[in-house]
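To start, the structure itself, in structure tokens.
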Amino acid sequence: MHFSELPKQPSILVSYWNVGKLLFGALFLFIIETYVFFQFFQKALADKSFWVIAFWFCSVLFAFTHIFLVLMDVWSRIQNYKRFKDHLFDHGFSPKIADYYKGSKCQRMALYTAAKELGMEDKMQNHFAKSGIKWYHFIPQFMIQDPLFLFRKHFWSRTFLEKYYKPKYHYRTAQKSNATHVKSYPVKQNL
């Protein structure tokens, strides 16, 4: 595949939004939830009932912790998106790579965004449809298959702690270069 064959590339902010829009929605909800729970916690402090204070404190802690978990999840999905996009560009669509990430809605969104930006969204949609995955499958399959997933290192590293991935190509710049007929081969990204 050459850059001249690619659909128009969106801005990086649009790409990141498409990858993480569900997570950004969750982030917004957890911020609101933390604020609301904190208000109840402050009222409970005035009542001085230990159990009520403990309940609202745990609620605030739960919601506040999830803000950081969602941010880490967004980070990991963006790393997945960059890796997927390079893989799809270099090797084309592969059911094997799609199957590795089909269990999680957020990872599927990262894969789908990369495929759409490379003009492979139909292949991705058809593959997921053949796999029986519907738009409403939000709960990751591994959570159902392994109820002890929280105690697995693989869950934490794959969900929240993906390593930084430096993209091989700068698609937007290369596409602009192709538009002016400067280059017709992949351009390495300089970061």
Side-chain angles (χ1 to χ4, degrees), residues 9-45 52-88 97-118 121 124-125 128 131 133-167 171-172 189 191:
Q9 297 297 293
S11 74
I12 196 74
L13 293 177
V14 170
S15 295
Y16 287 178
W17 170 257
N18 290 335
V19 167
K21 56 187 160 192
L22 287 178
L23 293 169
F24 292 129
L27 177 64
F28 179 70
L29 290 176
F30 280 120
I31 290 170
I32 292 173
E33 189 175 78
T34 300
Y35 175 77
V36 170
F37 289 168
F38 186 72
Q39 298 303 313
F40 283 113
F41 173 68
Q42 285 183 317
K43 288 178 185 175
L45 284 174
V52 174
I53 292 170
F55 174 78
W56 287 115
F57 176 76
C58 290
S59 297
V60 170
L61 191 60
F62 174 83
F64 187 70
T65 302
H66 274 79
I67 290 171
F68 295 99
L69 291 176
V70 169
L71 288 172
M72 291 168 36
D73 201 355
V74 168
W75 162 265
S76 294
R77 299 303 67 83
I78 289 171
Q79 303 317 306
N80 290 153
Y81 155 77
K82 294 186 294 187
R83 185 177 294 110
F84 295 155
K85 193 166 182 179
D86 283 349
H87 178 82
L88 291 171
I97 191 78
D99 286 344
Y100 185 70
Y101 291 101
K102 75 179 181 182
S104 162
K105 174 72 172 180
C106 296
Q107 289 176 332
R108 286 193 308 270
M109 287 180 68
L111 186 58
Y112 180 77
T113 300
K116 183 177 181 179
E117 290 180 8
L118 296 175
E121 76 182 295
M124 194 68 61
Q125 283 178 333
F128 286 149
S131 299
I133 296 171
K134 307 289 186 208
W135 68 268
Y136 53 81
H137 287 150
F138 288 94
I139 298 173
Q141 293 173 351
F142 67 84
M143 289 183 175
I144 296 166
Q145 295 167 348
D146 181 11
L148 300 175
F149 67 90
L150 281 174
F151 303 103
R152 310 281 186 233
K153 180 182 175 185
H154 182 70
F155 163 74
W156 290 97
S157 64
R158 189 170 170 197
T159 306
F160 301 116
L161 303 170
E162 283 281 342
K163 294 179 182 172
Y164 174 77
Y165 179 79
K166 182 178 179 181
Y171 297 92
R172 291 155 194 84
Q189 182 173 11
L191 288 178

Y112 vs Q125, side chain to side chain contact (heavy atoms under 4.5 Å, CB included): CA-CA, chis, key distance, verdict | CA-CA 8 Å; Y112 180 77; Q125 283 178 333; 3.2 Å; yes
Between the CG atom in L23 and the CH2 atom in W17, the distance rounded to the nearest 0.5 Å is 10.5 Å
Backbone N/O of A114 and side chain of K85: donor-acceptor pair under 3.5 Å = no
Answer yes if the side chains of Y100 and Q107 hold a donor-acceptor pair under 3.5 Å, and no otherwise.
-> no
Any donor-acceptor pair under 3.5 Å from T34 side chain to F64 backbone | yes
Spatial distance of atom CZ (R108) from atom OG (S131) [nearest 0.5 Å] = 9.5 Å
Ignoring hydrogens and angles, tell me if any N or O in the side chain of S76 forms a donor-acceptor pair with the backbone of E162 under 3.5 Å.
-> yes
Backbone of P10 reached by a side-chain donor or acceptor of R172 within 3.5 Å | yes
Checking ring pair (Phe, Tyr, Trp, His ring centres under 6.0 Å) against H66, which of F160, F30, F28 comes through?
-> F30
Polar side chain donor-acceptor pair, Y164 to Q79, under 3.5 angstrom | no
Criterion side-chain contact (heavy atoms from CB on, under 4.5 Å) against L27, the qualifying member of L22, D73, I67 = I67
Have D86 and Y81 got a donor and an acceptor in their side chains that come within less than 3.5 Å?
-> no
For F57, does the CZ atom sit with more than 12 other heavy atoms under 6.0 Å from it, leaving out its own atoms?
-> no
Short question: side chain of Q9, backbone of E117 - any donor-acceptor pair under 3.5 Å?
-> yes
Residue pair M109 / N18, side-chain heavy-atom distance below 4.5 Å | no
Taken to the nearest 0.5 Å, the spacing of T113 OG1 from F84 CZ works out to 10.0 Å
How far does CH2 of W75 sit from CG of N80, to the nearest 0.5 angstrom?
-> 11.5 Å
To the nearest 0.5 Å, what is the distance between CZ (F37) and SG (C58)?
-> 11.5 Å
Smallest heavy-atom separation, V52 atom then A44 atom, equals CG1-CB, 3.6 Å
Exceeds 12 heavy-atom contacts within 6.0 angstrom, atom CZ of F40 = no
CG (L71) and CZ (F24) are apart, to the nearest 0.5 Å, by 8.5 Å
